[in-house]
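One structure is given here, and the rest of the page talks about it.
Whatever order the structure lists them in is the order used to number ligands and atoms, beginning at 1. Just so you know, these numbers come straight off a predicted model, no measurement behind them.
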Amino acid sequence: EANIHLSVRVARLGSRYVLLLAEDRTESFRLDSVRRDFVANISHELKTPIGAVSLLAEALDDASDDPDQVRRFALRLSEEASRLARITQDIIELSRLQATDALGNAVLLSAHKIVKAAVDQNRVAAEARGIEIALRGDKKAEIMGDEKLLVTAVDNLISNAIQYSPDDSRIGIGVRDVDGVVEIAVTDQGEGIPEEDLDRVFERFFRVDQARSRNTGGTGLGLSIVKHAVQNHGGEVRVWSQPGRGSTFTIRLPEAAVIRPPIGENP
Ligand code: ADP
């Protein structure tokens, strides 16, 4: 049984009656607790890079007569700074997405163009590892939405696919329109995700392998951002995966229902 939180107020009405006002505050309690967890998680995630920065600063000071050491520590310092920048950026993006449900400035967009833009952002990283990205499917599918947000969502799925795949493998991206739902599916031949973790990968800061994700520069927020961005568009994201064989992440968005003027008539 779930806990229910009620706030109750009592007011006396004359000498014979009392007025009882009960308000169901369960949802607001739940949101408060989600917020508290998020803040606790953030503090935990920031502790490691901040600790590293202070240690490296001390080490740099101690190593001042050894130019090779200085160079090595300076490089590590700059890596930790980039990691802090990435975490901060993802936290800001996620908080922004959680604060709003609806999209204020949705415009008509081509799903294919969104995916193409996200693929272009990942070309260099894929080529560096010999990974081929193949994009196919419906070029006409249209959705209503925020272009930047949707490109970010697809970009996160592609960069994960690269991150968790072996060199010289292949990533397939398909776009299709099925019964009013536009599907963007990103399939990799990577390590896959254990079944017991499938439900959890969209949680903030959840990683299948904590150490590995941190070492490779992951923030643990990418899939949370994808989930919220897609939900803000009235859509959902699904995952299918088989350890050792690969994963498919599918973004599903409602097709844009556009009322076009009949041919020959001016709009
Ligand atoms: P991260 O920054 O750690 O990649 P994400 O929120 O993007 O954070 O992903 C959460 C976790 O889900 C990752 O740490 C990884 O364990 C797993 N994951 C995400 N995408 C894939 C994928 N394509 N293949 C295998 N595992 C994945």
Considering both backbone and side-chain atoms of Asp188, is one of its nitrogen or oxygen atoms within less than 3.5 Å of a nitrogen or oxygen in ligand 1? yes
Note to self: Just checking Glu147: does its CD atom have more than 12 heavy atoms from other residues, nucleotides or ligands closer to it than 6.0 angstrom?
What the structure shows: no
heavy-atom search around atom 3 (O) of ligand 1 in the protein gives Ser213 OG, 2.5 Å
Salt bridge check, Asp167 against Arg129: does any charged N sit closer than 4.0 Å to a carboxylate O? yes
Taking only non-hydrogen atoms of Gly222 and a 4.0 Å limit, the atoms of ligand 1 in range are 5 (P), 6 (O), 7 (O)
Logged contact type for Leu221 with ligand 1, heavy-atom cut-off 4.0 Å, is backbone
So, are Glu45 and Lys47 salt-bridged, with charged N and O less than 4.0 Å apart? no
Within the 4.0 Å heavy-atom cut-off, what Phe202 brings close to ligand 1 is neither
- Query: Does the N or O separation between Thr219 and ligand 1 drop below 3.5 Å for any pair?
  - Reply: yes
One finds that the ligand 1 atoms under 4.0 Å from a non-hydrogen atom of Val201 are 10 (C), 12 (O)
Nearest heavy atom to atom 10 (C) of ligand 1, choosing from Tyr164, Phe249, Phe206, belongs to Phe206
If you scan protein heavy atoms around atom 6 (O) of ligand 1, the nearest is Leu223 N, 2.9 Å
Rounded to the nearest 0.5 angstrom, the OG1-CD1 distance for Thr88 and Ile42 is 9.5 Å
Look at atom CD of Glu195 and say whether more than 12 heavy atoms of other residues, nucleotides or ligands are closer to it than 6.0 Å. no
Salt bridge check: are Asp197 and Arg200 linked by an N-O gap of less than 4.0 Å? no
Which pairs of donor and acceptor atoms, one on a side chain in residues 76-84, lie under 3.5 Å apart (sequence neighbours left out)?
residue : atom : partner : partner atom : Å
Glu80   : OE1  : Arg83   : NE           : 3.3
Ser82   : OG   : Ser78   : O            : 2.9
Arg83   : NH1  : Arg214  : O            : 3.0
Arg83   : NH2  : Arg214  : O            : 3.3

Taking only non-hydrogen atoms of Gly218 and a 4.0 Å limit, the atoms of ligand 1 in range are 2 (O)
*May I ask you to say whether Asp32 pairs ionically with Arg36, meaning some side-chain N is under 4.0 Å from a carboxylate O?*
no
So the atoms of ligand 1 within less than 4.0 Å of a heavy atom of Gly192 turn out to be 25 (C)
Between Asp24 and His5 the two heavy atoms that sit nearest each other are OD1-O, 3.5 Å
Practice problem: Give a yes/no verdict on a cation-pi contact between Arg204 and Phe38, requiring under 6.0 Å between NZ or CZ and the six-membered ring centre and an angle within 45° of the axis. | Solution: yes
Close N or O approach (Gly220, ligand 1; < 3.5 Å)
yes
Judged by heavy atoms only, the candidate from Asn160, Ile171, Val226, Asp197 nearest atom 19 (C) of ligand 1 is Asn160
N or O contact, Ile193 vs ligand 1, cut-off under 3.5 Å: no
Closest to atom 16 (O) of ligand 1 among protein heavy atoms sits Val208 N, 3.1 Å
